[in-house]
Each structure stands twice: as C-alpha cells, then as structure tokens.
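To start, the structure itself, in structure tokens.
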Amino acid sequence: RNFTFTGYALPFDPKSLADTLRRYRPLVVMEYLAPDRHNAAHRQAAALLIELGYRSYAPAQDGQLDACANLDAYLVQHGIESANFVFLKP
C-alpha cells in the first residue's frame, strides 16, 4: 500500500501516518474510489482520518466545502466512480 504526498508514493504505515497527522494536523485531500473499484485502501485511509478527529468534505461547484459524512453514498448519489475529498481537523 502507498500513501501519496504531492505526487510521491510512499510506503503506507498507518502508525507513522497517524503520528504525523496528530502532530501537524495537515489539510488532507484524497481521491476516493467507489466500492466496486476495490477501494479497501481508500476506506482504511478515510477511517484513520475520521478516527483522528478529521471531518470529510466534498468541494462544491462554488468552491465551498460541503460536509460529507458518507463518502460511498456521495459517489452513488452523484453517479461517479471517484472524487477528491478534503479532510480537515477542527
């Protein structure tokens, strides 16, 4: 598994990633795939972010961020196979 930072693929180590997220609280933008596209790694990454207190948002047409608690439902509702979601820690 890999975790990509600005175009660079790195080995995915959940503990190291969690430590970094706790320490720096960065804004995270992640492409998320629909369940039928084998999104287990996406689900794992999103679950880790939620567990750490991040909230997920979908970028709207006007540039605002709309709260989005269920990423899979969002994809189904919009009839799309993937989308970029923003994760922020309040």
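This one's a predicted model, so the numbers in the text were calculated from it and none came from an experiment. Both backbone and side-chain heavy atoms feed into the values below; hydrogens, waters and symmetry mates do not.
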Tyr24, Val28: one ILVMFWY side-chain cluster at the under-4.5 Å cut-off? no
Smallest separation among heavy atoms of Pro59 and Leu65, with atom names: CA-CD2, 3.9 Å
How long is the straight-line distance from CD of Gln44 back to CD of Glu51, given to the nearest 0.5 Å? 10.5 Å
d(Asp36 CG, Leu75 CG) to nearest 0.5 Å is 9.5 Å
Could you state whether Val76 and Tyr32 fall into the same hydrophobic cluster, counting links through intermediate Ile, Leu, Val, Met, Phe, Trp or Tyr residues with side-chain heavy atoms under 4.5 angstrom apart? no
Quick one: CZ on Arg23 to CG on Leu21, what's the gap to the nearest 0.5 Å? 12.5 Å
Tightest non-hydrogen contact, residues His42 and Met30, listed as O-CE, 3.8 Å
Spacing of CG belonging to Leu48 relative to OH belonging to Tyr54, to within rounding of 0.5 Å: 9.5 Å
Arg25 side chain vs Leu88 backbone, donor-acceptor pair below 3.5 Å: no
Ring centroids only, cut at 6.0 angstrom: are Phe85 and Tyr74 within range, meaning strictly under it? yes
Are the side chains of Asp72 and Asn39 in contact, using a 4.5 Å heavy-atom criterion? yes
May I ask you to check whether over 12 heavy atoms, not counting those of His78, lie within 6.0 Å of atom NE2? yes
Interatomic distance, Leu49 atom CG to Leu17 atom CG [nearest 0.5 angstrom]: 7.0 Å
Check Leu33 against Arg37 and note the closest heavy-atom contact, atom names and distance. CD2-NH1, 3.4 Å
Gap separating the CG atom of Leu27 from the OH atom of Tyr57, nearest 0.5 angstrom: 10.5 Å
Shortest non-hydrogen pair, Ala58 vs Cys68, comes out as N-CB, 4.0 Å
